[in-house]
Chemist: 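Would you mind keeping the following structure in view while I ask a few things?
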Amino acid sequence: MYSQCRRNLNPRVRVRYVSPPQPVITPNEFPPRGRVIIGELPDNVLLNIFRYYLDVSSRHWPRLVHICRRWRHIVFNSLQTLQLRLFCTHGTPVAKTLGCWPTVPIAVRYGGYLELDPPGPEDEDNIIAALKQPGRVSSISLTVTSSLLEKLSSIRGPFPELEDLILLSRDGVPLSFPSAFLCCPRLRCLRLTSTAFPALLRLLYFSPNLVDLQLHEVLNSWCFSPEVFVDALSGMAQLRSLSLHFVSTTDYALQLSQSESWGHRVILPVLTRLDVRGISQYLERLVARIDAPRLGDIEITLVNENIIGFPNLREFVDRIEMHKSHRRAHILSSEHSISISFIHPGAPACLKFQFFCEPLNEQLLFMTELCVYLSNFLFNVEDLRVSTTRPLGQGGSDYSGWRALLDSFTSVQRFHVAGNLSTYVVRALQLLGWEGDTVIPSLHTLYIAEPGPRHAPLREAVVATMVSRRLSGHPIVVEYERLRNINESCGAGPPSQQVMIDMLSDDIFLNIFRDYLNGAPRTWPTLTL
């Protein structure tokens, strides 16, 4: 292309200015806009790509380390950042895998939960091979059989990187705690079943960083007093969840009642969940020494038949301010136990007490005695629900026990009754108290399941209750709660309508699992537990 011609000083000479030649670029040689060669990316960018690919496609992720030497170097130098673990599970070639990944932390997963299969004889050698590298083991979840317990005695510690330790005893095998696990400075989750003192107590003293502590079926708690056990928890400033289930005998209950409590309270500043089970004398002295200002979810289960008062228990719950604002209570009577739960609407906190006993008259007696000590909680209860799942032939006709229990609730305005013994619970509302006082004087609405025929016992009890309360000057309104089947619950309805998860069909569950697998593959295995 020629430029514009101009005249020079010499009118006879003409000069032409020509632009420099431009290279010709074919479509195959022109780089697309915004595309960068991956080899030019810095290590931190590649690390973020690896982390994203690990979350999205965890099954095919190991192929990345075989692309080139540089990628393999980035992965092996970022094991903690990527949170990589080498899982040793059923069917895994452990010996070969340990050699191929010599520096990756090991997670031994052979059971550990009732829903999972225990290790077989062919798995025990793989477990021992993995545990013989204690410096790499970061997580252990085992269902311990008698044969595996013998082999665990050959393991030598310490386990400096171990953070999760879950040991489940199989077929009632007493778990003599292996000495190799007594030195785990980084232990944060400890869950043991059918274990015993004193090795357990030593482990607690040397595990100050625990966040989740679960000890179930503790066999010989009689070796140490509740005060000694609580002292072992004194250094756990990070403990958030505590679950203790003790196995004790009647002779031990008598021995405890004759001894005196001692010691100061132990402060657990971040503890939010407490679940204890055992005889009342042991649990009362144990919880009396626990001071947890943030405690919200509490479950206390008493297993002995002779319950002698709750003075220490009352002092413990009175220190928990958040539970004094509960507005709902739920009493559930089953064939083997009775429980009461205090719930605050819109908050996850819950206070639950449970008694294991079968005769209904004993259940009502124990619960009535407990309610006397929980007057601070009952005063705020406005919504009460009573559910019974006992068979009709197992008592319940003596509604004086129900009347004594319901007489403790003086502020209830809404009362829900459900279950096989609904007729007897409703009849307790129509009786006048010993001094002419009406049971639950503040009640204004009764919710029950829709009765059957016209002359059904429940319908007759409802009519008699409405008449008697109107005559006593405390009228009530009765509303029937019609039971919905699954088709109605899953059909069109208001957005706030809730459906119980056990009402969903298998194909709906499968779709939920598939969506959860695509959205969060790393945490998906928890659904199977």
Side-chain angles (χ1 to χ4, degrees), residues 216 226 241-246 248 253 256 271-290 292 295-344 347-390 401-402 404-412 416 419 425:
H216 287 184
S241 177
L242 178 61
S243 180
L244 306 173
H245 293 182
F246 299 98
S248 303
L256 273 176
L271 184 67
T272 59
R273 179 181 177 271
L274 176 64
D275 175 19
V276 292
R277 174 180 297 185
I279 61 176
S280 58
Q281 293 89 336
Y282 195 94
L283 296 187
E284 277 197 290
R285 291 173 54 174
L286 185 142
V287 300
R289 295 201 56 217
I290 295 178
L295 191 58
D297 193 0
I298 306 174
E299 182 172 351
I300 300 177
T301 304
L302 307 178
V303 297
N304 55 316
E305 297 182 357
N306 299 321
I307 301 174
I308 51 174
F310 308 89
N312 295 329
L313 193 60
R314 179 179 182 179
E315 179 185 357
F316 168 72
V317 296
D318 283 345
R319 297 199 308 265
I320 308 172
E321 295 294 333
M322 68 174 60
H323 287 287
K324 295 181 180 180
S325 61
H326 285 318
R327 294 293 182 266
R328 296 179 181 175
H330 185 192
I331 299 177
L332 175 60
S333 173
S334 62
E335 186 175 358
H336 303 289
S337 65
I338 186 171
S339 64
I340 182 171
S341 303
F342 297 94
I343 307 169
H344 190 285
C350 176
L351 175 62
K352 180 180 180 180
F353 294 91
Q354 185 174 13
F355 300 93
F356 273 97
C357 55
E358 295 187 1
L360 181 61
N361 57 345
E362 292 186 8
Q363 291 185 3
L364 299 179
L365 177 62
F366 292 158
M367 188 59 63
T368 303
E369 184 179 356
L370 175 64
C371 290
V372 174
Y373 289 91
L374 300 179
S375 57
N376 292 339
F377 295 87
L378 303 185
F379 181 77
N380 296 318
V381 173
E382 300 176 353
D383 194 322
L384 175 62
R385 179 179 296 270
V386 174
S387 304
T388 57
T389 60
R390 302 175 61 92
W402 290 107
L405 175 58
L406 298 179
D407 216 15
S408 303
F409 297 85
T410 58
S411 303
V412 171
H416 304 255
V425 179

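Numbering of residues begins at 1 and proceeds along the displayed sequence. No experiment lies behind these values; they were computed from the predicted model shown.
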Chemist: Which atom pair, heavy atoms only, marks the closest approach of Ser337 to Gln354?
Modeler: OG-NE2, 3.2 Å
Chemist: Taking the inter-plane angle between the rings of His245 and His216 on a 0 to 90° scale, is it parallel (under 30°), tilted (30 to 60°) or perpendicular (over 60°)?
Modeler: parallel
Chemist: What are the two closest non-hydrogen atoms of Gly401 and Leu364, and how far apart are they?
Modeler: C-CD1, 3.7 Å
Chemist: If you round to the nearest 0.5 Å, how far is CZ of Phe342 from CG of Leu378?
Modeler: 5.0 Å
Chemist: Does the side-chain contact (heavy atoms from CB on, under 4.5 Å) test come out yes or no for Glu362 and Ile338, once each step is laid out?
Modeler: CA-CA 10 Å; Glu362 292 186 8; Ile338 186 171; over 6 Å; no
Chemist: So how far is it from Arg327 CZ to Ser411 OG, rounded to the nearest 0.5 Å?
Modeler: 9.5 Å
Chemist: Evaluate the criterion side-chain contact (heavy atoms from CB on, under 4.5 Å) for residue pair Leu405 and Ile331; output intermediate values, then yes/no.
Modeler: CA-CA 10 Å; Leu405 175 58; Ile331 299 177; 3.9 Å; yes
Chemist: If I take atom CZ from residue Phe353 and atom CD1 from residue Ile300, how far apart are they, to the nearest 0.5 angstrom?
Modeler: 4.5 Å
Chemist: Which heavy atom of Ile343 sits nearest to which heavy atom of Cys350, and what is that distance?
Modeler: CG1-SG, 4.2 Å
Chemist: With rounding to the nearest 0.5 angstrom, report the CG to CZ distance, Leu295 to Arg273.
Modeler: 10.5 Å
Chemist: Return the minimal non-hydrogen interatomic distance between Leu360 and Arg390, and the atom names on each side.
Modeler: N-NH2, 3.7 Å
Chemist: Of all the heavy-atom pairs spanning Thr368 and Ala404, show the shortest one and how long it is.
Modeler: CG2-O, 3.8 Å
Chemist: Mind checking the CG-NZ spacing from Asp297 to Lys352? Nearest 0.5 Å is all I need.
Modeler: 10.0 Å
Chemist: Which heavy-atom pair separates Leu283 from Leu302 by the least distance, and what is that distance?
Modeler: CD1-CD2, 3.7 Å
Chemist: With sequence neighbours excluded, what pairs up with Thr410 under the side chain to side chain contact (heavy atoms under 4.5 Å, CB included) test?
Modeler: none
Chemist: When rounded to the nearest 0.5 angstrom, what distance separates CG in Asp275 from CG in Leu244?
Modeler: 8.0 Å
